[in-house]
Amino acid sequence: MSKSGENYVIAIDGGSGTGKSTTAKIVAKTLGITYLDTGAMYRAVTLAALDAGLPAEDGPAMDNLLANLKLGFDAENHILINGVCRESEIRGMKVSSNVSVYCALPSVRAALTAQQREIGKKQSCILDGRDIGTVVFPDAKYKFFMVTDVKVRAERRYKELLEKGEKVTLEEVLENLVERDRLDSSRANAPLKKADDAIEIDTTHISIQQQVQKILDYVGVVA
Ligand code: DC
């Protein structure tokens, strides 16, 4: 809650590897508000569909999957799919290579957007994703859009995947990021796009701490 007693929303959008989620987590902790990783929700739907062997084109089966899927987060913000922690699987290359197809489905976007609005309405919240400032919360009090040189983003993701023991090359990670950005920005429904009133932060040459500070500088005075 802000000093005026009202709940508020902070929207952070941008491509993968721009530092959105790490930054959002620290800002949430500092301000004592809820953090919602909306990318994890799209990744979770993708993993559930892959588990069930469902192609994205099978509309009725996807509707059925969505109707029966319970998403949640544990205390460490790890994703729970029907009560089971699947955090490490949603971050792997298999999900990264398929998520842009599943997340473009209107049924998937409608279901997850509704859940995100429900959570963001109840409490002060920081959400990171692709369409938070444009579609999910177009009236968010604070909006940020993060951009980073794609090579720097690929190197960050590559390091994270190696640390998790995944066998992947830097070229594969770079290709996946470029392709995901292309698909996520060109889809008809809620594309990755800077809201007109969002503040752009270029994170290519700044640390996570500096990214956090930039956001707190905008928000902190009134939060
Ligand atoms: O932030 P991330 O890389 O974990 O997101 C995974 C994918 O989910 C990304 O390629 C696009 C999609 N996504 C989306 O379409 N809308 C959001 N609000 C968040 C993520």
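Just so you know, these numbers use all the heavy atoms, side chains as well, and skip hydrogens, waters and symmetry mates. When a ligand or atom number is given, it counts from 1 through the structure's own listing order.
- The distance criterion of under 3.5 Å between nitrogen or oxygen atoms is not met by Tyr42 with respect to ligand 1.
- Of the protein's non-hydrogen atoms, Ser16 OG, 2.6 Å is the one closest to atom 3 (O) of ligand 1.
- Scanning the protein heavy atoms around atom 12 (C) of ligand 1, the nearest turns out to be Cys103 SG, 3.7 Å.
- Note: an N/O pair closer than 3.5 Å links Arg187 and ligand 1 by distance alone.
- Shortest contact from atom 18 (N) of ligand 1 to any protein heavy atom: Asp131 OD1, 2.8 Å.
- Salt bridge status for Asp131 with Arg187: absent, with no side-chain N to carboxylate O gap under 4.0 Å.
- Counting only heavy atoms from C-beta outward, the side chains of Glu166 and Val173 never approach each other to under 4.5 Å.
- Atom 19 (C) of ligand 1 has Thr38 OG1, 3.4 Å as its closest protein atom, hydrogens excluded (heavy atom only).
- Within a 6.0 Å sphere centred on CG of Asn68, other residues, nucleotides and ligands contribute more than 12 heavy atoms.
- The local environment of NZ in Lys214 is sparse, with at most 12 non-hydrogen atoms from other residues, nucleotides or ligands closer than 6.0 Å.
- With Asn176 as the fixed residue, the side-chain contact (heavy atoms from CB on, under 4.5 Å) test singles out one of Ser100, Ser97, Ser16: Ser97.
- Listed by atom number, the atoms of ligand 1 under 4.0 Å from Val99 heavy atoms are 7 (C), 8 (O), 10 (O).
- Heavy-atom neighbours of Lys29 NZ from other residues, nucleotides or ligands within 6.0 Å: at or below the threshold of 12.
- If you check which protein heavy atom lies closest to atom 2 (P) of ligand 1, you get Arg130 NH2, 3.5 Å.
- For atom 20 (C) of ligand 1, the closest non-hydrogen atom of the protein is Gly39 CA, 3.5 Å.
- Nearest to atom 10 (O) of ligand 1 among the protein's heavy atoms is Asp184 OD2, 2.7 Å.
- Comparing Glu179, Lys20, Arg109, Gln116 against atom 15 (O) of ligand 1, the shortest heavy-atom distance belongs to Arg109.
- Panel note: side chain Glu155, backbone Val152; no donor-acceptor pair is recorded below 3.5 Å.
- For the pair Val27 and Tyr35, the minimum side-chain heavy-atom distance is 4.5 Å or more.
- In terms of modelled atom types and a separation under 3.5 Å, the side chain of Arg117 and the main chain of Val136 share a donor-acceptor contact.
- Under 4.0 Å from ligand 1, the heavy atoms of Arg43 that appear belong solely to its side chain.
- Every N/O-N/O distance between Asp128 and ligand 1 stays at or above 3.5 Å.
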